[in-house]
Asker: 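Got a structure here, written out as structure tokens. Questions coming.
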Amino acid sequence: MIEQLNAQQRSAVTLSPQHALVLAGAGSGKTRVLTTRMAWLIQTGQASPFSLLAVTFTNKAAREMLARLSAQLPINTRGMWIGTFHGLCNRLLRAHYRDANLPQSFQILDTGDQLSLMKRVLKGGGVDDEKFPPKEVLRFVNGAKERGERPDAVEAWDAHERHLVELYRLYQAQCERDGVVDFAELLLRAFELLQRNGPVREHYQRRFRHILVDEFQDTNALQYRWLKLLAAGGASIFAVGDDDQSIYAFRGADVGNMAEFQREYARDTVIRLEQNYRSQGHILDSANALIAHNSARLGKNLWTDQGEGEPVRVSEQPSDLLEAQWVVDEIRALGDGGGAYREIAVLYRSNAQSRVLEHALFSARIPYKVYGGLRFFERQEVKHALAYLRLIENPDDDTSWLRVVNFPTRGIGARTLEQLSDLAGQRGCSLSRAVPYVAGKGGGSLARFAALIAEMRGEAQILPLPELVDHVLVHSGLLAYYRNERDGSDRVENLRELVNAAQVFVADENFEGLPAGRVLASDSPVAAGEPPPGVAAVPEGAANDLGWRGLSPLAAFLSYAALEAGENQARLGQDAVQMMTVHAAKGLEFDSVFITGVEDGLFPHENSLLEPAGLEEERRLMYVAITRARRRLYLTLAQSRMLHGQTRYAIRSRFLDEIPPEHLKWLTPREGRVLSDVDVTLGARPRRDAYGRPPTGAIAPMVPRTSANGVLVGDQRFRIGQGVRHRKFGEGTIIALSGNGSDAQARIQFRSAGAKTLALGVAKLEIIAG
DNA sequence: GTGTCGTCCTTTTTT
DNA sequence: AGGACGACAC
């Protein structure tokens, strides 16, 4: 088990129980170390499987950990506390729902549910959604929760913030009434449960002796506090992460947690995994050189014994269309050379870039697969079906109620719902409980809907889950609705897939044959597990499905659907080029990788240039992108691209200049960032025109003249790369130009004032160089 | 209740 | 440019 590890890996795996920080570079065997550490602790008798807690960020990572662990040890991993932060907190809250002051069958809101609930709250409170856009209020609420702050604890400095706090309060009250929790609430509630409830806290502190954390650099403030609290009883924290791969600051992740953890816990126990088993020399050295430009790193230098390999290829094309065409031609060549398409990844900084690339691949009939986008449980039709199922479980879930009360249509209009909503408001009850008080015709339709849900609830006591799902699809009218809908066949297919998913779930979780809505007696095998809090002994070895303890198959399935939104890719197996954002590529690897749009303003993204921390995160993002490649890496850029319906001109990314030239092989002219028209027509690969067609006799300039000759405003001619002086902002360099004539704009990187976009017709600029 | 038109936005995203 | 969503009209 540990013989095959290198020295650093082995020292991490076999460390005596104590706090430790493992700095695991890209491709250094991070997951392997984590799972082998668990297996080693168990096998050497230092820990029982039930005294371990391993936490990850994604379900995929958790599944992989489980799979590898059970491959290494002949133990039943079922019931072990291995999961995502959210999944484990869900477990905790399910097991102690009373102490956490939650209804037993609380539902979990996904982002979409959360938004519609917020909209409802804002509407109900008569809030001006110009001043308080629902999305922004949600950002505020989620931000506060991720810092562990309830409305009372939030510091509000001005009237606007005080108002936001008030909306936070209102939103939270609505969640409580509905018996629902959002994702951030899962964590905060679980944290508060442990913090406030001594017996529960002590129970888990005693139970978990070893806490293992994956991707530690992605933890936010609350997650870190949660870990510290759980470990406060003497458990050891084994934290694995890579500060150079921290790319989620924008959603609350705090790399600072790593340095803080080192200071507070692992001052003397930092282990670096620096041997990279993935990429060849030039690729790895490029990544190292790039990331060295970041400050405040914990520090580490990856090396490989796999040899130099090939240099990183760079291609600069006049337009995004030609960039895409170039990528396609190269992919075709790789394919002809015997490479599998699935071993080729095309990466981009932003999703908007994918269209041009997709189009080019599609025209060339190269199979490709785009990652990202809607996932299974987020599809409209699936969410509708789930809403019915949630109402069976929890009639007070107003979000679900509103979602399907009139879908498929059953003559319940806005008028009736307004009436219902008013009544519910007056009585302080949920919509469904207000139904009996609605008079007139609307009352009748509402009563019929209520009866439909009641009937489904009855079936849930008899039918096993898959049959119940099927029953709901039929009796809600959803199936019929989508059958009649033209273009509805995909949706019908997805609904059938939902029945199938229920089937699989029930089998996997040993719920087979049980009525969907019934909670098992606590002594049955499936329900066995946690002792009541405060009881010293932790049962070991027994079946231990405490994840779903006390839950009906239906409630468990709904939790699962909320926490695991499903794959966000379609059919696997087909040999296709893999397309995704750089973020989505984290954790993956490919033989050949194309990083596209390597331009200033796009990568690094212009929004990140304002603060240094933003630029450093972009650099880490590029580091992640580069380290995805095993054998061959391409960096491609375009001098012009369509963005927001306007052609934009850009220069090559500063990151390109941070990679030593000896690792790069320019396939297009290195100097002269803007190709002249002559270069364009006689360029390295003049195989296509700007629209992807093979060139015909007369070749039109592919790039508007402005690219080569700059933008003319009055008597001044501006070019990319030019040095300019502004009265207020000082000296800077033009990094991008757009538009023409009177509405021409320039993006200028000022030396001290940061990057600004200025209208050339308005701003008085002095040309100082270039 | 459904369809059409206009308006808005557009970095990255998991749970 | 292009997609999504909301308001308005039939």
Side-chain angles (χ1 to χ4, degrees), chain A residues 55-62 83-90 108-116 119 123 129-130 133-135 139 142 145-146 181-188 190 214-215 218-220 222-223 246-253 320 347-356 359 371-375 377-378 380 406-417 445 481 485 559-568 580-587 597 601-610 614 617-618 620-622 624-625 641-648:
Chain A
V55 61
T56 64
F57 277 86
T58 66
N59 291 300
K60 196 173 155 207
T84 62
F85 277 101
H86 293 85
L88 295 177
C89 287
N90 181 45
I108 300 164
L109 298 182
D110 70 15
T111 314
D113 301 327
Q114 200 188 8
L115 187 63
S116 58
K119 281 181 181 165
K123 202 162 261 172
D129 57 3
E130 292 274 282
K135 283 220 174 84
R139 245 191 46 224
N142 289 333
K145 288 188 179 187
E146 278 159 17
V181 300
D182 56 48
F183 287 133
E185 184 73 18
L186 278 174
L187 296 173
L188 182 50
D214 190 20
E215 307 276 18
D218 288 338
T219 50
N220 65 30
L222 183 57
Q223 286 158 341
S246 163
I247 56 172
Y248 285 112
F250 70 91
R251 64 175 198 218
D320 48 351
L347 308 184
Y348 33 84
R349 174 67 182 82
S350 69
N351 285 304
Q353 288 167 254
S354 74
R355 280 194 27 213
V356 174
H359 181 78
Y371 286 72
L374 265 197
R375 318 216 324 258
F377 286 109
E378 289 166 355
Q380 180 206 109
N406 199 35
F407 193 95
T409 51
R410 34 179 84 88
I412 299 171
R415 236 176 30 259
T416 307
L417 288 178
S445 342
Y481 177 90
E485 187 95 319
S559 279
Y560 163 80
L563 289 172
E564 164 101 62
E567 295 301 321
N568 64 20
M580 66 196 83
T581 63
V582 178
H583 282 91
K586 189 171 159 212
L602 192 58
F603 202 174
H605 197 275
E606 57 185 350
N607 295 358
S608 72
L609 296 175
L610 298 173
E617 177 141 325
E618 294 287 307
R620 292 192 291 268
L621 200 48
M622 181 61 85
V624 167
R641 71 173 65 239
M642 280 296 260
L643 199 67
H644 312 327
Q646 264 200 321
T647 305
R648 302 243 310 202

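Letters A, B, ... mirror the listed sequences (proteins, then strands); counts begin at 1.
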Asker: Under the ring pair (Phe, Tyr, Trp, His ring centres under 6.0 Å) test, which residues partner A:Y248, sequence neighbours left out?
Answerer: A:F250, A:H583
Asker: Would you say A:Y248 stacks on B:dT12, if stacking means ring centres under 5.5 Å apart and planes within less than 30 degrees?
Answerer: no
Asker: What is the distance from NZ of A:K123 to P of C:dG6, rounded to the nearest Å?
Answerer: 8 Å
Asker: Want to settle it: does A:G411 or A:A584 sit nearer the 5' end of DNA chain B, counting the closest nucleotide to each?
Answerer: A:G411
Asker: Could you state the atom-to-atom distance from NZ of A:K145 to P of B:dT15 in whole Å?
Answerer: 19 Å
Asker: Hey, are the side chains of A:T84 and A:L563 touching, using non-hydrogen atoms and a 4.5 Å cut-off?
Answerer: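 The answer is no, as the side chains (C-beta and beyond) never meet within the 4.5 Å cut-off.
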Asker: Among C:dG2, B:dT15, B:dT12, find the nucleotide with the atom closest to the side chain of A:R355.
Answerer: C:dG2
Asker: Out of C:dG6, B:dT15, B:dT12, which has the shortest distance to the side chain of A:T58?
Answerer: B:dT15
Asker: Phosphate oxygens OP1/OP2 of B:dT15: is one of them under 4.0 Å from a side-chain N or O of A:N59?
Answerer: yes
Asker: Calculate the interatomic distance between A:R251 atom CZ and B:dT12 atom P; express it in whole Å.
Answerer: 13 Å
Asker: Grab the CD-P distance between A:E564 and B:dT15 for me, whole Å please.
Answerer: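 Checked: the CD to P distance equals 7 Å.
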Asker: For a quick check of understanding: with a heavy-atom distance under 4.0 Å over all strands, which category does A:I412 fall into, base, sugar-phosphate or nothing?
Answerer: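 Sugar-phosphate, no base atom in range.
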Asker: Would you mind telling me which of B:dT15, B:dT13, C:dA1 lies closest to the side-chain atoms of A:H644?
Answerer: C:dA1
Asker: Quickly work out the A:R620 CZ to B:dT12 C1' distance and round it to whole Å.
Answerer: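 Computing the A:R620:CZ to B:dT12:C1' distance gives 13 Å.
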Asker: So A:F250, base contact, sugar-phosphate only, or nothing? Heavy-atom distance under 4.0 Å.
Answerer: base
Asker: Considering only heavy atoms from C-beta outward, does the side chain of A:L602 approach that of A:R641 to under 4.5 Å?
Answerer: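 In short, these two side chains touch, coming nearer than 4.5 Å.
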Asker: Starting at the 5' end of DNA chain B, which residue's closest nucleotide do you reach first, A:A352 or A:A565?
Answerer: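 Result of the comparison: A:A352.
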Asker: Just the rounded figure in Å: distance from P of B:dT14 to CD of A:Q114.
Answerer: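 Computing the A:Q114:CD to B:dT14:P distance gives 15 Å.
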Asker: For B:dT13, does OP1 or OP2 lie under 4.0 Å from any side-chain N or O of A:N351?
Answerer: yes
Asker: Can you see if the side chain of A:N607 gets near the phosphate of B:dT12 - specifically, an N or O under 4.0 Å from OP1 or OP2?
Answerer: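 Negative; the distance criterion is not met.
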Asker: Does A:T111 get its side chain close enough to the base of B:dT15, under 3.5 Å, for a donor-acceptor pair?
Answerer: yes
Asker: Taking the side chain as C-beta and beyond, is there a heavy-atom pair between A:T581 and A:Y371 under 4.5 Å?
Answerer: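 They are not in contact (no side-chain heavy atoms under 4.5 Å apart), so the answer is no.
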Asker: Can you measure A:D218 atom CG to B:dT13 atom P for me and round it to whole angstrom units?
Answerer: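 Computing the A:D218:CG to B:dT13:P distance gives 13 Å.
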Asker: Can you check whether A:R251 reaches A:E146 side chain to side chain, under 4.5 Å on heavy atoms?
Answerer: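 Side-chain contact under 4.5 Å: no.
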Asker: In this structure, how many angstroms lie between the C1' atom of B:dT11 and the NE2 atom of A:H605, rounded?
Answerer: 5 Å
Asker: Side chain of A:T409 only, heavy atoms from C-beta on: which candidate in B:dG1, B:dT15, B:dT13 is closest?
Answerer: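 The listed nucleotide nearest to A:T409's side chain is B:dG1.
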Asker: Looking only at the side chain of A:N406 (C-beta and beyond, no hydrogens), which of the listed nucleotides B:dG1, B:dT11, B:dT15 gets closest?
Answerer: B:dG1
Asker: Got A:N142 and A:Q114 here, is their nearest side-chain heavy-atom distance under 4.5 Å?
Answerer: yes
Asker: Give me the distance, rounded to whole Å, that separates C:dC5 from B:dT12 when you measure between the C1' atoms they each carry.
Answerer: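 Result for the C1' pair: 23 Å, nearest Å.
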Asker: Indicate whether OP1 or OP2 belonging to B:dT11 is found under 4.0 Å from a side-chain N or O atom of A:S608.
Answerer: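 No.
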Asker: Phosphate oxygens OP1/OP2 of B:dC9: is one of them under 4.0 Å from a side-chain N or O of A:K135?
Answerer: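 Answer no for this pair, as no side-chain N or O of A:K135 is under 4.0 Å from OP1 or OP2.
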